[in-house]
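Down below is the structure, laid out as structure tokens.
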Amino acid sequence: MNLQTAILQSEITPRGSDYEIIRRVIEKISLDYRDQPSLEDLARDVGEHPATLQKLFTRWAGLTPKAFLQAVTLDHARRLLDDGMPLLEAAMELGMSGPGRLHDLFVTHEAISPGEYKSRGAGLEIRYGFHVSPFGSALIMATERGLAGLAFADEGGEAEAFADMSRRWPAATYVEDMSATAPYTQRIFDPSRWKAEKPLRVVLIGTDFQVQVWQALMKIPLGRAKAYSDIAREVGKPKASRAVGAAIGANPLSFVVPCHRAVGKSGALTGYHWGLTRKRAMLGWEAAQLERG
DNA sequence: CGAGTGAGCGGAA
DNA sequence: TTCCGCTCACTCG
């Protein structure tokens, strides 16, 4: 393949394949982030040309690989936590949430009624579809009242992701309907479409405690993080940090309810239902959204 | 630092 | 009731 073909090919590569390489880069970085690998090192390790990698990062997140490297280290996660700036101020500074808003995706939500919850989704019709996203294949689930589920799958993991999600509401009816779910994808993964005037409608299906925890997550601004123990304190159960972790793990709306912004007290990324690598990718991607303003 | 441990709490079976 | 978890603080080496 000559140079021109190579360039052409990288330009027409759909965004969906970007994440596969990003994933490999992040995995590599997680292994030896201590010695700050150069772009050249990383490119060699994942079998790509440095220029290709450079281009890919720009397209994926709008930032340089160097900035991205910094964004996925432990050090950075720690900084998200403890620069002491009150969250509300931080949010204002980003030109985002005032007190009346839930979070930067401009979500309005309603919790589902106890009856509906206990019936495990009986009578609920859920439309679903898989779509390309910056974090791999995204499974979107929606009821007529709004977005109800968002999950991720690595290549070939679609069936597993669907099983995982449909287990949560076993009695619901599932209808594959990509035309119904596609608009959600566009909206969710494009920050320029996060507009207060047209809030994303979301249904939160969970227990009181879980919904409280998820609401606390939605108050964390883009590009920042909170410790599980801080969230525990915030919902009035200061000793329940582990229960908070469990509730966060049960969040059916990955990314929209930003469970990736919860980290351990030390700044370490302790866990993520859809894979730690994906959590790192999300934090790195968010850091990039901030940097390009 | 790194590994091990027990308290602590909510949810599901 | 029993068991499990996206925790934490504390203990040793």
Side-chain angles (χ1 to χ4, degrees), chain A residues 23 26-27 30-36 71-78 80-82 103 111-122 135-136 138-139 148-154 157 160-161 163-172 204-220 222-286:
Chain A
R23 185 178 67 72
I26 293 176
E27 262 158 18
S30 322
L31 287 181
D32 44 35
Y33 64 93
R34 269 166 269 259
D35 20 283
Q36 291 287 310
V72 295
T73 59
L74 171 64
D75 211 42
H76 177 264
R78 214 190 315 258
L80 297 181
L81 270 179
D82 65 14
H103 83 316
I112 206 155
S113 75
E116 287 172 294
Y117 179 63
K118 288 221 178 69
S119 68
R120 315 251 63 185
F135 311 108
L139 169 59
L150 173 50
F152 293 97
D154 285 327
E160 195 186 323
D164 182 309
M165 291 303 287
S166 52
R167 250 196 308 275
R168 300 168 192 234
W169 313 295
L204 291 181
I205 308 179
T207 66
D208 284 352
F209 179 76
Q210 287 169 337
V211 172
Q212 269 191 307
V213 168
W214 300 339
Q215 285 171 340
L217 287 177
M218 291 195 281
K219 290 189 203 150
I220 309 173
L222 179 87
R224 309 223 41 220
K226 254 190 190 189
Y228 297 96
S229 53
D230 292 333
I231 297 170
R233 187 153 23 80
E234 203 173 307
V235 299
K237 319 240 171 190
K239 286 188 272 198
S241 34
R242 197 152 177 198
V244 163
I248 292 178
N251 164 33
L253 284 173
S254 183
F255 189 73
V256 171
V257 172
C259 43
H260 53 285
R261 294 181 199 155
V263 302
K265 190 124 209 185
S266 69
L269 274 52
T270 47
Y272 194 69
H273 188 79
W274 305 106
L276 276 186
T277 300
R278 193 168 266 113
K279 187 169 182 174
R280 268 193 200 91
M282 287 177 180
L283 290 171
W285 185 85
E286 292 197 341

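Letters A, B, ... are given to chains in the order of the sequence lines, protein chains preceding strands, and every chain is numbered from 1.
- Partners of A:Ala247 according to the side-chain contact (heavy atoms from CB on, under 4.5 Å) rule, which considers only residues two or more places apart in sequence or in another chain, are A:Phe209, A:Gln210, A:Val213.
- Of the residues in residues 243-253 of chain A, those placing a heavy atom less than 4.0 Å from an atom of DNA chain C are A:Ala243, A:Gly245, A:Ile248, A:Gly249, in numerical order.
- The nearest whole Å value for the distance from the OH atom in A:Tyr228 to the P atom in B:dG10 is 18 Å.
- Computed from coordinates, the A:Arg167 CZ to B:dA13 C1' distance equals 15 Å when rounded to whole Å.
- The distance from atom NZ of A:Lys265 to atom P of B:dG8 is 17 Å, rounded to the nearest whole Å.
- Remark: DNA chain B forms stems of 3 or more consecutive Watson-Crick or G-U wobble pairs, all pair distances under 3.5 Å, at B:1-7 with C:7-13, B:9-13 with C:1-5.
- Residue A:Lys237 places at least one side-chain N or O closer than 4.0 Å to OP1 or OP2 of B:dG10.
- Every residue two or more places apart in sequence or in another chain that forms a salt bridge (Lys or Arg N to Asp or Glu O under 4.0 Å) with A:Arg278 is listed here: A:Asp154.
- On the nucleic acid side, DNA chain C has its first and last nucleotide under 4.0 Å of a heavy atom of chain A at C:dG5 to C:dA9, going 5' to 3'.
- A donor-acceptor distance shorter than 3.5 angstrom exists from the side chain of A:Arg168 to the backbone of A:Ala250, with no hydrogens or angles considered.
- Between A:Arg242 atom CZ and B:dG10 atom C1' there is a gap of 12 Å when expressed in whole angstrom units.
- Qualifying side-chain contact (heavy atoms from CB on, under 4.5 Å) partners for A:Ala262, counting only residues two or more places apart in sequence or in other chains: A:Leu217, A:Tyr228, A:Ile231, A:Ile248.
- With ring centers used as reference points, A:Trp285 lies under 6.0 Å from A:Phe135.
- Using a 4.0 Å heavy-atom distance criterion, A:Phe209 is classed as a sugar-phosphate-only contact.
- At the heavy-atom level, A:Lys279 lies under 4.0 Å from base atoms of the strands shown.
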